[in-house]
Protein chains: 2
Amino acid sequence: MAQFKPDSGSAGASAQATTVIVCTSCRGADGTDARPRPGENLAAAVKALAPAGVAVHGVECLGNCKRRLSAAVVSPDSWTYVFGELSEDSAADLILGAELLRDAADGVMPWRGRPDSLKRGLVARIPPLTKPEQA
Amino acid sequence: MAQFKPDSGSAGASAQATTVIVCTSCRGADGTDARPRPGENLAAAVKALAPAGVAVHGVECLGNCKRRLSAAVVSPDSWTYVFGELSEDSAADLILGAELLRDAADGVMPWRGRPDSLKRGLVARIPPLTKPEQA
């Protein structure tokens, strides 16, 4: 569904894309502040795997610290998903989840085919403002 | 920041508003399925308090079941916030949080002035796709 954002400028293409947002400040199970943090490693791994049409951003804190290594998958006119309890090995799962959401005509990430880590680790899902009738 | 959505139709006004989304399927501490659920009562209370410019929607499940009664606050071009551990008395706190986010020029709900329940109960925050440079 097309959106016109007169102010989006060069960020427009990215703003339209299905996006994986990885918390780069998440610590590992040992709780140390050592760098790179597991979240940084995961963000780099997701970026390395991202296909065309899936953007990846790191963000300093997703506020989900109680459930450890976290990421969100966001797509225009779709539900937003937040996942926790991820690991540095979760990059392929996040990309698969992003592709499922990108290709979902109803804006819902299907349960069938969703990687186990994105079932167990679901922290929250938020409906899109553009489809309030679903909310 | 104005957005033009040619397809928004009658939902347009709502789609542009700062919105509180309350999980209406959340059970109380006793875990019973009795209706109305605490989430339904909270949604009704938030609706009753909502000022102009703040929309309220109930949604069947925000997927945050591990942290009980939940709501999200969403606003165009702003970070999205998910809160848990709310109670049926949290309506005024959610409205205050929505007003803080609606009025925040930087799209971030300020910590100062935020009700305690929206500090303790923060489950996750997700940056807006329209400002990927912040993410």
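FYI, side chains are in, hydrogens and waters are out, and symmetry mates aren't considered; it's all heavy atoms of this structure. Order of the sequence lines fixes the chain letters, A, B, ..., with proteins taken first and strands second; residue numbering starts at 1 for each chain.
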Honestly, the part of V82(A) sitting under 4.5 Å from a heavy atom of chain B is side chain
The side-chain contact (heavy atoms from CB on, under 4.5 Å) partner of P127(B) among T19(A), V74(A), I21(A) is I21(A)
*Compare all side-chain heavy atoms of T80(B) with those of T80(A) and state whether any distance is below 4.5 angstrom.*
no
On a heavy-atom basis, the closest approach of A17(A) and L129(B) is O-CD1, 3.8 Å
So the side-chain hydrogen bond (donor to acceptor under 3.5 Å, both in side chains) pairs with at least one residue in residues 37-51 of chain A (sequence neighbours excluded) are D33(A)-R37(A), R35(A)-E40(A), N41(A)-E88(A)
Under 4.5 Å to a heavy atom of chain A? For C61(B) that would be both
One should read off an interatomic distance between R125(B) CZ and S70(A) OG, to the nearest 0.5 angstrom, of 12.0 Å
Checked L122(A), V22(A), V123(A) vs chain B; the most non-hydrogen pairs under 4.5 Å come from V123(A)
For residues 93-102 of chain B, the side-chain hydrogen bond (donor to acceptor under 3.5 Å, both in side chains) pairs (sequence neighbours left out) are D93(B)-S117(B)
